[in-house]
Amino acid sequence: MDFSLTDEQQMIVDTVRTFVENELYPHEEEVERTGQVPKELGQEISQKVKDLGFFAANLSTEVGGGGLNHLEFTLLERELGRASMALSVFFGRPSGILEACEGEQREKYLLPAVSGEKIDALAMTEPGAGSDVRGMKCSAVPDGDDWVLNGTKHFISHADIADFVIVFVATGEEESPRGVRKKISCFLVDRGTPGFEIRPGYNSVSHRGYHNSILNFDNCRLPKEQMLGEPHKGFVLANDWLYATRLTVAAMSVGRARRAMGLALPYVVERKQFGQSIGKFQGVSFKLADMATEIDAADWLTLSAAWRVDQQLPSNREIASAKLYATEMLARVTDEALQIFGGMGLMSDLPLERLWRDARVERIWEGTSEIQRHIISRELLRPLE
Ligand SMILES: Cc1cc2nc3c(=O)[nH]c(=O)nc-3n(C[C@H](O)[C@H](O)[C@H](O)COP(=O)(O)OP(=O)(O)OC[C@H]3O[C@@H](n4cnc5c(N)ncnc54)[C@H](O)[C@@H]3O)c2cc1C
C-alpha cells in the first residue's frame, strides 16, 4: 500500500490550488456581496482553465476531455472545493452523463460541453420529489415522433447560465417486486425551446452567487432524438454516471475544511488573551487536534472510495460513507474554526462565516445525510437478507 502521490497527481494538486488562490479567491468577496458573477468574469475563468488544459478534465480523452481517473479528479475537486461554488462552476466539469450522448447528440451537446461552448445543468428534483426521486410528477408522453413534457423542477443549480438541461421525467409505470413504480427517461432540453421556461429559484444561505432555478415545462414538445439513453432507462443512466457527484461533494468538503483549518491555525498563535496565545489553552488546541484528525479521516475515506471506483471494486457504500462523513466533518470543522475566531468569526470581513454557511448545503444536496445512511446500512444488511 502506497499513500504517496505520483508526480502527476501532485502536479494536479499544485496547479489547481494555485489557480484557486490566484484566480478565484480575489473575486469571492465581491461575488458574495453582489450575489452575482459578471458574465465576463465567468468567461475569463473558463478561458484560463482551458489554457491550463484542465477544462472538462473529468471527461474521457476520446471525446476531447482530460481523461482524469476518479482518484485524480477527486484530487482536483478537493482543491477546487476551497473556493466559492459561484466561481468554481466556471472551472468546467460537464456532467459525465453526457458521455452517453449518441449520434448527432455528440456534436450538439457533448462536444460543445467539452470545449466550453455550451454549459449544461441537470434536473431531477421537483417540489414534491426530492429524496424520493421516483416520486417525480414531471412527465413526458409520446406523440407521433415527439415527446411532450409537462411539469416543474426546482432547486436546479446554475440553470440560469446553462445552454441546455439534462432532465429526468416519468414516462410511464411498471410492476416491480416492491409494487408499481414510475419509469424514468432522460432528455436534453435546449434553453429557448418553446414550452420550456427557466425561472429564478430561491435565495440560499449557502453559496450566494451560485443560483438555483425553477424549470417549467408546459406542453414542451421534443423530437425523439432529444432523449438521452434508452426510453424508460433513465435510472440506469443516472446510476451509471451520477455516483461521481457524491465523491465530488466529499472531496470539496475536505478542501473547504482544510481552508478553514488554514485560517484557524495562525490565528491561535497570533491572538492573545490572558497574556498568552489562545492556542496555549487546551480548550483551543484540542479543537485543532480534533479538526485535523477529522479532516484527515474524511480525506482518506474520500480518496480510498475514488481509488475503489478506479479499481472497479464495489464502491456504493464507500462513496456514501465518504459523502456522509466529509460533509458532516465540514460542518463541525467550520463551526469550530468560527468559534476559535470568537466574534470576528461571524463577521463578513473574514471568509469564515461564508465557509460555515456554505458548509450547510453539503449535507443536503446529492443525497441528504439520512439518504447516505440509508445506502450504507442497506449495503451492509443486503448480504444477510
Ligand atoms: C442549493 C441546492 C442546489 C441543488 N441543485 C440541484 C440540481 O442541480 N439538480 C437537482 O436535481 N437537484 C438539486 N438539488 C436538490 C437536492 O438534491 C435535494 O434538495 C435533496 O435531494 C433533498 O431533497 P428535498 O430537499 O426535497 O428534501 P426531502 O427529500 O423532502 O427530505 C426532507 C427530509 O427528510 C429526510 N428523508 C427523506 N427521505 C428519507 C428516508 N427515506 N429516510 C430518512 N430520511 C429521509 C431527508 O433526509 C431530509 O432531512 C439542489 C438542492 C439545493 C438545496
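Both counts, for ligands and for their atoms, begin at 1 and track the order of listing.
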Look at [X] together with [Y] and state whether they make a salt bridge at an N to O cut-off of under 4.0 Å.
{"X": "Lys153", "Y": "Glu126", "value": "yes"}
{"X": "Glu318", "Y": "Arg308", "value": "yes"}
{"X": "Glu28", "Y": "Arg354", "value": "yes"}
{"X": "Glu173", "Y": "Arg134", "value": "no"}

Ignoring hydrogens and geometry beyond distance, is a side-chain donor-acceptor pair present between [X] and [Y] at under 3.5 Å?
{"X": "Asp190", "Y": "Tyr109", "answer": "yes"}
{"X": "His70", "Y": "Tyr243", "answer": "yes"}
{"X": "Asp335", "Y": "Gln339", "answer": "no"}

Protein contact of [atom] - nearest heavy atom, named by residue and atom, plus distance:
{"atom": "atom 40 (C) of ligand 1", "result": "Ile371 CD1, 3.9 Å"}
{"atom": "atom 25 (O) of ligand 1", "result": "Phe155 CE1, 3.7 Å"}
{"atom": "atom 2 (C) of ligand 1", "result": "Trp365 CE3, 3.5 Å"}
{"atom": "atom 37 (C) of ligand 1", "result": "Ser131 OG, 3.6 Å"}
{"atom": "atom 9 (N) of ligand 1", "result": "Leu122 O, 2.9 Å"}
{"atom": "atom 26 (O) of ligand 1", "result": "Gly130 CA, 3.2 Å"}
{"atom": "atom 11 (O) of ligand 1", "result": "Met124 N, 2.8 Å"}
{"atom": "atom 45 (C) of ligand 1", "result": "Glu370 CB, 4.2 Å"}

Does the protein place any heavy atom closer than 4.0 Å to [atom]?
{"atom": "atom 35 (C) of ligand 1", "result": "no"}
{"atom": "atom 19 (O) of ligand 1", "result": "yes"}
{"atom": "atom 28 (P) of ligand 1", "result": "yes"}
{"atom": "atom 32 (C) of ligand 1", "result": "no"}

**OP:** Name all pairs fulfilling the side-chain hydrogen bond (donor to acceptor under 3.5 Å, both in side chains) condition that reach into residues 94-107, sequence neighbours left out, sorted by first residue then second.
**Re:**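 Those involving residues 94-107 are Ser60-Glu99.
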**OP:** Output every pair passing side-chain hydrogen bond (donor to acceptor under 3.5 Å, both in side chains) with a member in residues 265-281, not counting sequence neighbours, ordered by first then second residue.
**Re:** none
Original post:
Aromatic ring centroids of Trp365 and Phe155 under 6.0 Å?
Top reply: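 Ring-ring flag for Trp365/Phe155: false, centres at least 6.0 Å apart.
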Which ligand 1 atoms, with their elements, are less than 4.0 angstrom from a heavy-atom of [X]?
{"X": "Ile364", "result": "19 (O), 20 (C)"}
{"X": "Thr368", "result": "22 (C), 46 (C), 47 (O)"}
{"X": "Ile156", "result": "7 (C), 8 (O), 9 (N), 10 (C), 11 (O)"}

Original post:
Is Thr125 close to ligand 1, meaning an N/O of one under 3.5 Å from an N/O of the other?
Top reply: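 N/O-N/O distance under 3.5 Å: yes.
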Original post:
Cluster question for you: counting only ILVMFWY and a side-chain heavy-atom cut-off of under 4.5 Å, with indirect links fine, are Met85 and Leu87 together?
Top reply: yes
**OP:** Of the side chain and backbone of Glu366, name the one, both, or neither that has a heavy atom under 4.0 Å from an atom of ligand 1.
**Re:**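 Answer for Glu366: backbone.
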